[in-house]
Amino acid sequence: MTASGPWAWLDGTVCPVDDARVAVTDHGLTVGDGVFETMKVVDRTPFALTRHLARLRRSAAALDLAVSLDDAALRAACAEVIGAAADAGAEVGRVRLTVTGGPGPSGSARGDAGPTVLVVTGPVDRWEETTAVLTVPFTRNPTSALAGVKSTSYAENVVALGRARAAGATEAIFADVHGRLSEGTGSNVFLVRDGELLTPSLATACLAGITRELVLEVTDGREVDDLTFADLRAAEEAFLTSSTRDVQAIARVDDTELPAAPGQRTRAAAAAFAALAGSDLDP
């Protein structure tokens, strides 16, 4: 990896990622004890950073995980590593902020060394205008300690996404334990049913996505808790939202082709979100 590749800010030190070192006993590595946020970078600034930091702290609080830096310091860390990477000629399309439980015992108990804070830059993902998704049999549990938490414990998502890619899709879609449509491995899902733009409510254990939140603010979409896989397959149109996908139309669900991709409501949501993304919204 050259200096023009990804860069890292690790506990106050900025360097190319190959020079960054995390302890082999770090709880983020050994037991997945951590939280994170991924943000796209616009003009060297993480988009909607205030909202992402607020969600990071909600996730950390849910895990009783201390965040050793205040928001001003986290902002400064992001700015420092983005600047270093960009000055080195690296493509900086996104940045990931991770906080782990830090070095600790091999079991579940945390140690007393304090958390690890890591910020890593990377190129922006290039997504097609439309995509296919695969529904999977694994479920989200609204009563889990990880419900709605953006945790580094992503093994279930890895398995689900692997199945989706093997089926020619780019995202796997989960229901919750009650059979209600929930979310993707790294995205939220919207659909149009009887002319209404709908998305699963947070009661289904889906993540409170930042792009989801913004799309709800700039459209007439609403949250409901009665959607199912059958509703997704029967949708007039549907789309995914995430910090890297923005708004991406769903063309196929499992073996079912949707009537319109992107449809009129999807195009309108994408345009409304793009206007926000190009503004000075709460950088």
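- When hydrophobic clusters are built by joining Ile, Leu, Val, Met, Phe, Trp and Tyr residues whose side-chain heavy atoms come closer than 4.5 Å, directly or via intermediates, Val67 is grouped together with Leu63.
- Checked for salt-bridge contact, Glu217 and Arg51 meet the test: a charged N lies under 4.0 Å from a carboxylate O.
- Of all non-hydrogen atoms in Ala20 and Leu10, the two that sit nearest each other are CB-CD2, 4.2 Å.
- A donor atom on one side chain and an acceptor atom on the other are not found under 3.5 Å apart for Gln248 and Trp127.
- Considering CG of Leu161 and OH of Tyr154, their distance stands at 10.5 Å, rounded to 0.5 Å.
- Linking ILVMFWY residues whenever their side-chain heavy atoms come closer than 4.5 Å, directly or via other members, places Leu97 and Val92 in the same cluster.
- Panel note: side chain Glu237, backbone Thr266; a donor-acceptor pair is recorded below 3.5 Å.
- Taking a cutoff of 4.0 Å between a charged side-chain nitrogen and a carboxylate oxygen, Arg55 and Glu37 qualify as a salt bridge.
- Atom-to-atom distance recorded for Thr241:OG1 and Asp246:CG is 9.5 Å, nearest 0.5 angstrom.
- Neither side chain, Ser243 nor Thr38, offers a donor N or O lying under 3.5 Å from an acceptor on the other.
- Remark: Arg193 does not engage Glu236 in a salt bridge, criterion side-chain N to carboxylate O under 4.0 Å.
- Distance alone, capped at 3.5 Å, is enough to place a donor-acceptor pair between the Asp254 side chain and the Thr135 backbone.
- Taking the six-membered ring where tryptophan is involved, the planes of Phe190 and Phe239 are essentially parallel, since the angle between them stays under 30° and well short of 60°.
- Note: the hydrophobic cluster containing Val149 also contains Leu53 (ILVMFWY, side chain heavy atoms under 4.5 Å, direct or indirect links).
- Of the possible donor and acceptor atoms, one in the side chain of Thr211 sits under 3.5 Å from a partner among the backbone N and O of Ser242.
- Asp43 and Thr45 share no side-chain donor-acceptor pair at under 3.5 Å.
- Ion pairing between a basic and an acidic side chain is recognised when a charged N comes within 4.0 Å of a carboxylate O; Arg21 and Asp26 show no such pairing.
- In the displayed structure, Arg44 atom CZ is contacted under 6.0 Å by more than 12 heavy atoms of other residues, nucleotides or ligands.
- Annotation: Asp70, atom CG; neighbour count of heavy atoms from other residues, nucleotides and ligands within 6.0 Å is above 12.
- A side-chain N or O of Glu171 and one of Thr185 form a donor-acceptor pair less than 3.5 Å apart.
- Annotation: the span from Leu198 atom CG to Leu227 atom CG amounts to 5.5 Å, rounded to 0.5 Å.
- One finds no salt bridge joining Asp226 and Arg180 here, because no Lys/Arg side-chain nitrogen approaches an Asp/Glu carboxylate oxygen to under 4.0 Å.
- Between Glu128 and Arg245, none of the side-chain N atoms (NZ, or NE/NH1/NH2) sits under 4.0 Å from a carboxylate O, so this pair counts as no salt bridge.
- The pair Asp125-Lys40 fails the salt-bridge criterion, with no side-chain N (NZ, NE, NH1 or NH2) lying under 4.0 Å from an Asp/Glu carboxylate O.
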